Each structure stands twice: as C-alpha cells, then as structure tokens.
Protein chains: 2
Amino acid sequence: MTEQQRRPTLMDVAEAAGVSRALVSIVMRGAPGAAEATRQKVLDAARELGYRPDSRARLLRSTRTKLLGLSFSTAHAFHAEIVDAAYAEAGAKGYELALGGVTSGRPEARTIEALLDFGSEALILISPTLSSDELARYASQVPVVSLLRNDVGDATDSVSSDDYAGIRMAVEHLVSLGHRRIVHIDGGSAVSAEPRRSAFRAEMERRGLEPAIIAGGAMEEDGMTAGNSLGPVMPTAVIAFNDRSALGVIESLRAQGQRVPADVSVLGYDDSQFARLSYVQLSSISQDAPQLAAAAVDRAVARIEGTQSAGHVVRTPHLVARRTTAAPPAGG
Amino acid sequence: MTEQQRRPTLMDVAEAAGVSRALVSIVMRGAPGAAEATRQKVLDAARELGYRPDSRARLLRSTRTKLLGLSFSTAHAFHAEIVDAAYAEAGAKGYELALGGVTSGRPEARTIEALLDFGSEALILISPTLSSDELARYASQVPVVSLLRNDVGDATDSVSSDDYAGIRMAVEHLVSLGHRRIVHIDGGSAVSAEPRRSAFRAEMERRGLEPAIIAGGAMEEDGMTAGNSLGPVMPTAVIAFNDRSALGVIESLRAQGQRVPADVSVLGYDDSQFARLSYVQLSSISQDAPQLAAAAVDRAVARIEGTQSAGHVVRTPHLVARRTTAAPPAGG
DNA sequence: TCAGGCTTCTAGATCGTTCTAGTGAACTGA
DNA sequence: TCAGTTCACTAGAACGATCTAGAAGCCTGA
C-alpha cells in the first residue's frame, strides 16, 4: 500500500493555505512573524497534506545541522549506557545525535566518514583507536571529543576518567578492610590497561606493599585463566581490570573452592550492568558513564558554539561497594 | 586549531582545476563522460583543497539517499549483534545505515522521526513497540520492516523467528535426553512471551506431559525469583524465557544446592553473548541474529528497489547444546 | 567536403528549504 | 495631518550539489 506519490513540499502547503512559501517556512519552524489566525491556517493545511519538512534542504540552506556524531563499539555493552546518556544530554541542549557503530568489519575511519556525511557539527568518539595524527586530521574539519581516552594530542578534546584515582580508591578500599596481599589482574593490551597497571604498582609501593600483577585481559575468559593461575600464592583480594574479567576471576575462584568474599575479595572496574546483576553484586569502580557522556556532549557543544580551544576534562571515578569485597579471613 | 574557514565546494574545485562545476560533479561521482587527463586534474585539485562532497546538497538533488534507518534498543545487548550484521549486509548492497537508539527517555516514535529526517528510504525496526496502526502510518511513507516481531499488520513487512518451532525444539531436546518433568519460566509481558508460552503448553500436551508454567520475566532477577519458587516440586529441566532469565535460574538452583546439569537441566533462549560466556556455556535456542538481520536488510532493499508488496518472513531457529543440559538424574 | 556520430565539456535549471530585503497596511503620538 | 513604528506578509536569491540539453571539437567514411 505504499503510496509512491511525491511527498508534499513547502510550495504545496503554501498553495493549499493561500500564502507564500516564506510564510509557511516561518510557521513551520515556529519563528515569530505570523498572525495567529494564519498560523493555524497553515498548520491545518500542513497536517492535511501530511507535510514533513525535508531536512536535507533545510540543513543545506541553514548551514547549522544541530547534529552531533557519536561513534561507539557494538562489542561493548558499556557503550550503550553512554549512548543513552548522550541522547538525553544532547536533547536537552537542542541537538540531535547521529550514531555510528564500529564493528569488526567496519573500521572507525569509515564510521567517522559516515558521521561527517550526515552533517555532524562535532564528533564524539568513544575510546577511539585511531592515532593522534589521524584524529587531528579530523579535528581540523570539525571539533572532535575523545571519550574514555585522553592521550589524543592537543588538537582533540578529551573527556576521561582518572584511572590513577580509580585504582588508588580500589587499593584504599581493600587496605582499609584489612587486606595486604592484593593482586591486580591487568587488561593486557586493552585501552586504559597501562595506566591502571602502573597506578596499581605505584600505589602499592607507596604503601609498602608488594604490587603483584598477573597478565589478564578484558573478557571473562581472561579473568578465568588468570584466576586459575593464582593457585598456590592465593591472595586475599583481587583487583580485576574490568567487570567482565572480574566475573571470570570469581568463577575461577569458586571452582577452586574459594568463597567470595569470605576467602577472597574481588573488585571490578566500570560498574557495568554485569556488576549490577543481582546475583553478582560486584563491588566496582564506577566511571559514571552518564556523567562522562554529558561532559562530552557539553564539551562538543561548547566547541561548536563558542571559540574555545581543545581541552582535556578528567573526572574522578568513585567506588561502589557491593557484596564481593569484605574483610580478609582471620588467618589471612 | 580548528580552521573555521568555509569548507570548499564543487565551485572551488572547478575554479582550481579550470573546468566547470558539472564536470567536477561527473568526476567526483565517478560517472562516465570525462577524459582521463582532466579526471586526474580534477581529482588532484579536489585532494589539494580537501574537498568533501556535501551529502545534504547531493541528496537533495538526487532523491535517492541509499540510506536505511535502523532502530534498536540500547537496553538489549542482543540488538548490538543485529546492528553488526545489518551493517555488513547493507554495506554489501551499497547502502549506508542510519542508527537510531531507543532509550527509556526517548520513545520509539521520536527515533523513527529522526531516522526519516536523515532521509532513510526504508526503516528496519527491531522489536517495535508501536501499534500496528502507528506502524502502518509510517509504512505509508516508506517501507517498514519489523524485526523479531510479526504481528504488525499487512502494511508492514516483518522478519521474525518461529517461536513455536523454537520451543518445540527445546522440548524435543529435553525429552530426548529423558526429561519428563519440565517447567517453563515465562517472559511475563515481554515481546514474544505469549507465543512461547502457548507453544510450550501445546507441545507438552501433545506429548502427554504436564505443561507447568511459572511466571517470570526477561531479566536475571525474574529468573532468580521464579527459580526460588520451584522449591518442593523441583523439575528435572527448565526452559527459561531467555538467556538472562536462565542465568538467574541457574544461580537460584545453585543456591538451593542443585547442580546444573547433573540435577537440573536449564535451557535458555536467544543464544546471546551471555549464553556463550565460557563459564556459563548455556544451552540455548538460537534465533541466529546475523541471518535475521540480513533478511531484514534484504527485504527493505527489495521493497525500495522493486515494487514488491509487504510480506512476512519467518525463519526457523536452531538449538545450540552446550553444558547446561544433560540427561536427568537416574532417580529422576 | 560534409553529414553523422562520437567524446568531452558547459550553461543553466532544479531540488526544497531559509534568508534578506523589502512592501503595504494599520497603528501611534504630537 | 503626517512622519515614524510595528506588524504581517512576500519576492527572489541563496545553499551546493545533480541533471538536462546542447555546443564544440574531432574523427570517420562516402
């Protein structure tokens, strides 16, 4: 039943209402300069015809698109939360969001090109993988905000979470519970793995404790493998690279007959939906995705509308203590 | 350092290359009708100026946008897999994808409007929540394909998975392992909950078994609550509404001292990433998201390019047996 | 030599809006 | 009464591309 008739234009509405195109334009975008009576007449005619303004033509004329391009990775459930928050914040600021997914078969650069083609006035890239130079090239066309990654050079804005502070809190939390034998299962080559690793080393040494680090990764499997290798030198607490790794660690500990948190405490990172699962209740470091997203949108809009130059915003994460951390066993 | 200079247009390139705008247009879109030498000259000039065609202007003129609008829900990790597959299929067919997220604060209708504003030639909606009438209204403007839901009326296309067949397979699998006391923990008011529920009832009765159904839901918590209520009449197998619910069920059973699958088998639905987690290895019914996505894109493109009328495609799911289903205990 | 047919290129209209610069009428206040 | 102001409205250019129709140049063959 699809009616393939040409969709109505301003011109059609103008004719139907017996006014000029310009006046219809004024009415349609709610601009001042039309009498209430005519306004109604025009609106009625528009509704009657099922008129829908052609955004391409509209945007072509009025250079502003009020569009923010946001790239995210479909592989990270965590990114979905950011998208949510970004929609809310963008909407509040009167901007629309153009989403671009990065998948295994669709490199970041392709996604960015698509976002620019849609007419994005600024780009927000979640954990961009491009080099600083490549990012700078895009940043010369349009403001670019890197989210969750801050080593992006000076041409690109960034909004990130303070990994050092996060790990410091994690260690502080565990030490204050009485733990001293703490192991960090790291993120391998994942983004943010390096700063968390060195933050752990620095903070443990500062406290005169031994910074034991085991190679891990970002997925459950990595946490499990690493957890299995704890074996003989079982610590009383583990700080995982992220929540998913932490889940793997917990599963591995369970299989080894260790109770969490009675025998071993496990702390995640990200405070993702996995951490919040009612049967998991994972203690975790929260980067507060909604706030980060809002900050990124803020930054992008400020860059579009003002003449501010690129800057780097760093937010402090916070600890969410749930049920996987507790005091170490008496003999520990 | 963002250079706020006006971005170059066809006109600029034409002047730089010493030719007409029309010729630059020809070269830029790779159309025939330009000599190789001039073609190079134009391309060089374009590269020199950093020219990037303005898609708004281009699309305004050439009605075709080659754009498919895809709406998904940020709350369902499952949807991300569909997005992935849709990107691949659309790309192969020469189409670009415009993504629209549906969140708690952003109703489906708003997302659809945005997708249409981008110039989508067709809409693919994952599990749309709008009424058939509302869908039909959009379908009168542009082809609409409903994905994962098929009761959408005749104006809208649909691509879905056969829930009856899926549940039939689930029961068949468990029965062939020797189970007879099978419980279905349903999806409450979730999409697809009803067909799965009645399919379970019908299939069990067909086999002369009692169709025990317990109220559940789509999340881990629901599965846990339902699992806890199994108590005294412990079955030997459970078919959960979906994987997340199944995870809750498993956790609940574990807490009650039941081993999975030695004492109780648990079967999920969706074959999501949760099911595939190495420490879960959940047996599940797979709807094969990539195939469904590809079919939906196919359908949308066929509708755009051909004159086919709306149709409903139903695909048969299949069983993925992992480690949570096995023969019932000897005494069972 | 010249009609006919390529190939290569161009002028100008066009897409559906918004924007600029106005027009004309009604209303003010001295 | 009349200059000044406000209000409602309009004509036509503009945005940056594509498309149509046609021109110019060159080759071909009779």
Side-chain angles (χ1 to χ4, degrees), chain A residues 5-43 45-46 49-67 94 96 116-121 141-142, chain B residues 5-43 45-46 49-67 96 113 116-121 141-142:
Chain A
Q5 68 205 12
R6 194 178 52 78
R7 68 190 257 184
T9 75
L10 260 197
M11 186 64 182
D12 300 320
V13 178
E15 273 173 9
V19 297
S20 70
R21 285 168 312 149
L23 188 59
V24 177
S25 171
I26 286 171
V27 171
M28 291 317 292
R29 70 201 130 97
E36 193 46 42
T38 4
R39 196 176 284 273
Q40 274 311 321
K41 193 171 59 180
V42 169
L43 287 176
L49 294 174
Y51 169 72
R52 148 183 295 276
D54 183 321
S55 69
R56 304 188 281 293
R58 162 176 286 178
L59 298 176
L60 171 60
R61 183 56 237 239
S62 62
T63 47
R64 294 299 310 273
T65 62
K66 290 281 203 163
L67 190 64
E96 184 57 55
L116 289 176
D117 279 348
F118 282 152
S120 302
E121 294 190 70
Q141 299 177 42
V142 78
Chain B
Q5 69 205 11
R6 193 177 53 77
R7 71 189 255 185
T9 74
L10 261 198
M11 187 63 182
D12 300 320
V13 178
E15 274 173 10
V19 296
S20 71
R21 285 167 313 146
L23 189 58
V24 178
S25 171
I26 286 170
V27 171
M28 291 317 292
R29 70 200 131 97
E36 193 46 43
T38 5
R39 196 176 283 274
Q40 274 312 321
K41 193 171 60 180
V42 169
L43 287 175
L49 293 174
Y51 171 72
R52 147 185 294 279
D54 183 319
S55 69
R56 301 187 283 294
R58 160 177 288 180
L59 298 176
L60 171 60
R61 186 57 238 239
S62 61
T63 47
R64 293 300 311 273
T65 63
K66 289 280 201 169
L67 191 64
E96 184 57 55
E113 302 284 338
L116 289 176
D117 279 349
F118 283 153
S120 303
E121 292 190 71
Q141 299 177 42
V142 78

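Lettering follows sequence order; numbering is per chain, from 1. A quick note: this is a predicted structure, and the numbers were derived from the prediction, not measured.
- With hydrogens and angles ignored, no donor-acceptor pair under 3.5 angstrom links the side chain of B/Arg21 to the base of C/dT10.
- Side chain B/Arg61 to base C/dG16: no donor-acceptor pair is found below 3.5 Å.
- The CD atom of B/Glu36 sits 14 Å away from the C1' atom of C/dT7 (whole-angstrom rounding).
- Contact annotation: B/Thr38 does not reach the phosphate of C/dT8 (side-chain N/O to OP1 or OP2, under 4.0 Å).
- Nucleic acid contact class of A/Ala22 (heavy atoms, under 4.0 Å, all strands): base.
- Nucleotide C/dG16 holds its P atom 16 Å from the CG atom of B/Asp117, rounded to whole Å.
- As judged by a 4.0 angstrom heavy-atom cut-off over every strand, B/Ser55 is placed among residues making no nucleic acid contact.
- Residues A/Ala46 and A/Met28 approach most closely at CB-SD, 4.2 Å, considering heavy atoms.
- Both B/Leu60 and A/Arg58 lie close to DNA chain C; mapped to their nearest nucleotides by heavy-atom distance, the more 5′-ward contact belongs to B/Leu60.
- Nearest-nucleotide assignment on DNA chain C puts the 5′-proximal partner with B/Gly18, out of B/Gly18 and B/Ala57.
- For the pair B/Arg39 CZ and C/dT8 C1', the computed distance is 11 Å after rounding to whole Å.
- For the pair A/Asp54 CG and C/dT17 P, the interatomic distance rounds to 6 Å; values are reported in whole Å.
- Side chain of A/Arg7 to backbone of A/Arg52: a donor-acceptor contact under 3.5 angstrom is found.
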Assess the residue pair A/Lys66 and A/Glu121 against the criterion (salt bridge (charged side-chain N to carboxylate O under 4.0 Å, His left out)); give the C-alpha distance rounded to whole Å, side-chain angles, the decisive distance to 0.1 Å, and a yes or no. CA-CA 7 Å; A/Lys66 290 281 203 163; A/Glu121 294 190 70; over 6 Å; no
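- Distances shorter than 4.0 Å separate some side-chain N or O of A/Arg29 from OP1 or OP2 on C/dC19.
- Separating the CG atom of B/Leu23 from the P atom of D/dT20 is a distance of 17 Å, rounded to the nearest angstrom.
- With rounding to the nearest 0.5 angstrom, the CZ atom of A/Arg21 is 11.5 Å from the CG atom of A/Asp12.
- Residue B/Thr9 is in sugar-phosphate contact alone, with no base atom involved, counting any heavy-atom pair closer than 4.0 Å across all strands shown.
- The CG-C1' distance, from A/Leu59 to C/dG16, rounds to 11 Å in whole Å.
- When the C1' atom of D/dA11 is taken as reference, atom CG of A/Leu10 falls 15 Å away, rounded to whole Å.
- Taking 4.0 angstrom as the limit, A/Ser25 places none of its side-chain polar atoms (N or O) nearer than this to OP1 or OP2 of C/dT17.
- In summary, the side chains of B/Ser25 and B/Arg29 do present a donor paired with an acceptor at a separation below 3.5 Å, with no hydrogens or angles considered.
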